[in-house]
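To start, the structure itself, in structure tokens.
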Protein chains: 2
Amino acid sequence: MAAKRSGAESKQSRRTVASPRQGPEPRGEAPLSLERIVASAVELLDAEGLDGLKMRRLADRLGAGAMSLYWHVGNKEAVFDLALDAVLEYRRSPEIVAPQDWRGEIIHMLEDWRAGMLRHPWSASLLPRRALGPNILSRLELLGKTLSKAGVADADLNVAIWSLWNYVIGATITRANFELSDDDRAAAQQRLTDLSQHYPTIERSRLLLDNDWDGAFRKGLDFLLDGLAPRE
Amino acid sequence: MAAKRSGAESKQSRRTVASPRQGPEPRGEAPLSLERIVASAVELLDAEGLDGLKMRRLADRLGAGAMSLYWHVGNKEAVFDLALDAVLEYRRSPEIVAPQDWRGEIIHMLEDWRAGMLRHPWSASLLPRRALGPNILSRLELLGKTLSKAGVADADLNVAIWSLWNYVIGATITRANFELSDDDRAAAQQRLTDLSQHYPTIERSRLLLDNDWDGAFRKGLDFLLDGLAPRE
DNA sequence: GAATGACTCGTACAGCGTACGATTCAATGT
DNA sequence: ACATTGAATCGTACGCTGTACGAGTCATTC
């Protein structure tokens with residue numbers, strides 16, 4: 001589903017093959033490059049969050065003037081796109097997985113996906129608003145192929161893919177944004193207890209105190225997979 | 001799970017009981033009030049999206065000075081919180097639903113939830129970052145109660161609730177942000193076709209051309225509910 | 001009629017993304 | 001040897017943002 005608005009092109013549509021460049025940096029500063037910019041943006045996003053990424057601060061980190069970035073990136077939106085794509089790469093598990101273990105393969109890929117995004121929590125909020133880059137498409141392709149092998153009917157394939165997508169996206173965004181201190185969580189549950197005549201069920205189940213996010217993700221995924229392709 | 005940062009308090013912690021106020025508006029302008037501000041903010045968000053909400057523009061719409069808003073709302077974050085909460089109310093279907101039709105009840109509530117957010121597409125992106133307001137908690141309570149009645153074990157209840165939450169949030173955010181023109185969609189699929197040696201499965205299933213979002217939401221929900229509480 | 005408090009708003013400021021143009025330097029053509 | 005070009009950098013400036021601050025306007029209460 002491509003880009004909604006994927007950020008303008010930079011002026012250099014093809015990078016020069018790059019002469020080694022020995023000259024003009026007076027200190028030990030490396031020259032500016034797309035790669036350095038993206039790497040630095042990811043660091044900055046990890047450290048300061050979505051709102052913390054400012055063009056001036058990014059340039060400062062790189063020892064460059066703010067406007068120098070615009071030679072390489074077009075605009076700030078493009079920085080987000082590039083940082084997101086840089087973070088979503090998937091390398092299939094190196095050890096040979098039993099080829100008929102479709103369930104294990106899916107679970108591994110989706111857990112890796114979620115873990116990767118949680119390592120960079122800004123990425124989860126960013127993902128749905130952006131283009132489907134090659135790394136995402138690869139994951140969707142692997143998902144579709146594996147589900148198909150597992151016996152999901154062609155007519156149900158898209159629904160199955162989007163269901164798993166929805167689940168992963170929803171779980172990860174929620175997890176990334178509900179990172180609360182124990183105090184916050186206790187206070188929230190206390191508030192619930194105070195209002196327990198309004199919310200008796202979720203108060204009793206201690207919904208807001210349940211801290212096992214990883215386990216809950218896995219269990220819910222199992223339920224969904226059970227629905228999509230019942231175990232024999 | 002309460003507020004992460006729910007926006008500062010306004011100066012008026014309790015509203016005055018309000019004398020009818022006949023005096024000072026020279027034109028037919030109603031006096032400023034929290035209600036008017038929130039209603040106007042929702043309109044503005046619907047019309048211009050998340051980035052379109054500016055304090056000055058909001059004030060203009062209300063025929064007020066920009067700084068007048070700050071008597072009522074604390075800061076801009078609070079406007080977002082209030083607008084979100086205003087949009088997420090749930091009124092259970094008025095006609096009496098067959099009390100043992102737990103599946104119908106859940107589907108109705110979740111489809112209504114999704115539909116409500118899609119009527120205000122900014123709300124979906126906003127929801128996960130915000131506090132759980134009373135309207136959300138009510139929906140979670142109804143969910144938990146109904147699932148419990150349907151026979152979901154207490155030990156699985158939280159997982160079931162969060163799974164459905166994840167699914168709804170993920171589906172709605174995706175839907176709200178992938179609102180593309182037909183041209184965009186065709187271009188995206190074309191790009192896929194060009195690369196079909198890389199993505200044969202999702203190209204063949206026409207993943208990006210499938211336009212039946214409502215149907216896909218419903219079918220995926222059915223799969224998930226099958227997994228959570230197998231039909232007898 | 002003085003005091004209080006609810007409410008409004010003009011001005012000002014720091015910080016943002018980025019348009020524009022000047023500048024520097026290496027590579028190239030002659 | 002010199003001029004031209006184009007890649008890359010950056011200083012300055014502009015319009016726009018959220019909001020701090022303080023002065024203003026009323027209605028209500030003593």
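Computed from a predicted structure; not experimentally measured. In the text below, chain A, chain B and the rest are named by the order of the sequence lines, each starting its count at 1.
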Every protein N/O within reach of nucleotides 10-13 of chain D N/O, cut-off under 3.5 Å:
| residue | atom | partner | partner atom | Å |
| --- | --- | --- | --- | --- |
| dC10(D) | OP2 | Gly65(A) | N | 2.8 |
| dC10(D) | OP2 | Ser68(A) | OG | 2.8 |

### Query
Please, which pairs that meet salt bridge (charged side-chain N to carboxylate O under 4.0 Å, His left out) have at least one residue in residues 114-128 of chain A, sequence neighbours excluded?
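Found Arg114(A)-Asp214(A).
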
Give the rounded distance in Å between these two atoms: [atom1] of [X] and [atom2] of [N].
X	N	atom1	atom2	result
Leu34(A)	dA8(D)	CG	C1'	13 Å
Tyr70(A)	dC16(C)	OH	P	12 Å
Asn75(A)	dC16(C)	CG	P	17 Å
Trp71(B)	dT25(D)	CH2	C1'	14 Å
Asp51(B)	dG17(C)	CG	C1'	13 Å
Phe80(A)	dG17(C)	CZ	C1'	12 Å
Glu48(B)	dT17(D)	CD	C1'	16 Å
Ile37(B)	dC9(C)	CD1	C1'	13 Å

### Query
Hey, does the side chain of His72(B) come within less than 4.0 Å of dA6(C)'s phosphate (OP1/OP2), counting only N and O?
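Checking dA6(C) against His72(B), no side-chain N or O comes under 4.0 Å of OP1 or OP2.
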
### Query
Who pairs with Asp46(A) by side-chain hydrogen bond (donor to acceptor under 3.5 Å, both in side chains), at least two apart in sequence or on another chain?
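Partners of Asp46(A) by the side-chain hydrogen bond (donor to acceptor under 3.5 Å, both in side chains) criterion, ordered by chain and then number, come out as His120(A), Trp122(A).
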
### Message
List the residues meeting side-chain hydrogen bond (donor to acceptor under 3.5 Å, both in side chains) with Arg57(A), not counting sequence neighbours, and say none if there are none.
### Response
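Per chain and number, Arg57(A) pairs via side-chain hydrogen bond (donor to acceptor under 3.5 Å, both in side chains) with Glu48(A).
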
Quick one: list whatever passes side chain to side chain contact (heavy atoms under 4.5 Å, CB included) with [X], sequence neighbours left out.
X	result
Pro134(A)	Asp85(A), Tyr199(B)
Asp60(A)	none
Ser125(B)	Leu50(B), Asn177(B)
Glu43(A)	Arg61(A)

### Query
In Å, rounded to the nearest 0.5 Å, how long is the span from CD1 of Ile202(B) to CG of Leu157(A)?
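Those atoms lie 10.0 Å apart.
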
#### Entry: Sugar-phosphate only, base, or nothing, as touched by Leu53(B) at under 4.0 Å among non-hydrogen atoms
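Sugar-phosphate, backbone atoms only, no base.
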
### Task
Please work out which of the three classes, parallel, tilted or perpendicular, describes the rings of His108(B) and Tyr90(B), given edges at 30° and 60°.
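Tilted: the ring planes of Tyr90(B) and His108(B) meet at 30° to 60°.
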
## Note on the structure
For DNA chain D, the expected dot-bracket line (Watson-Crick or G-U under 3.5 Å, [ ] crossing, | inter-strand) is ||||||||||||||||||||||||||||||

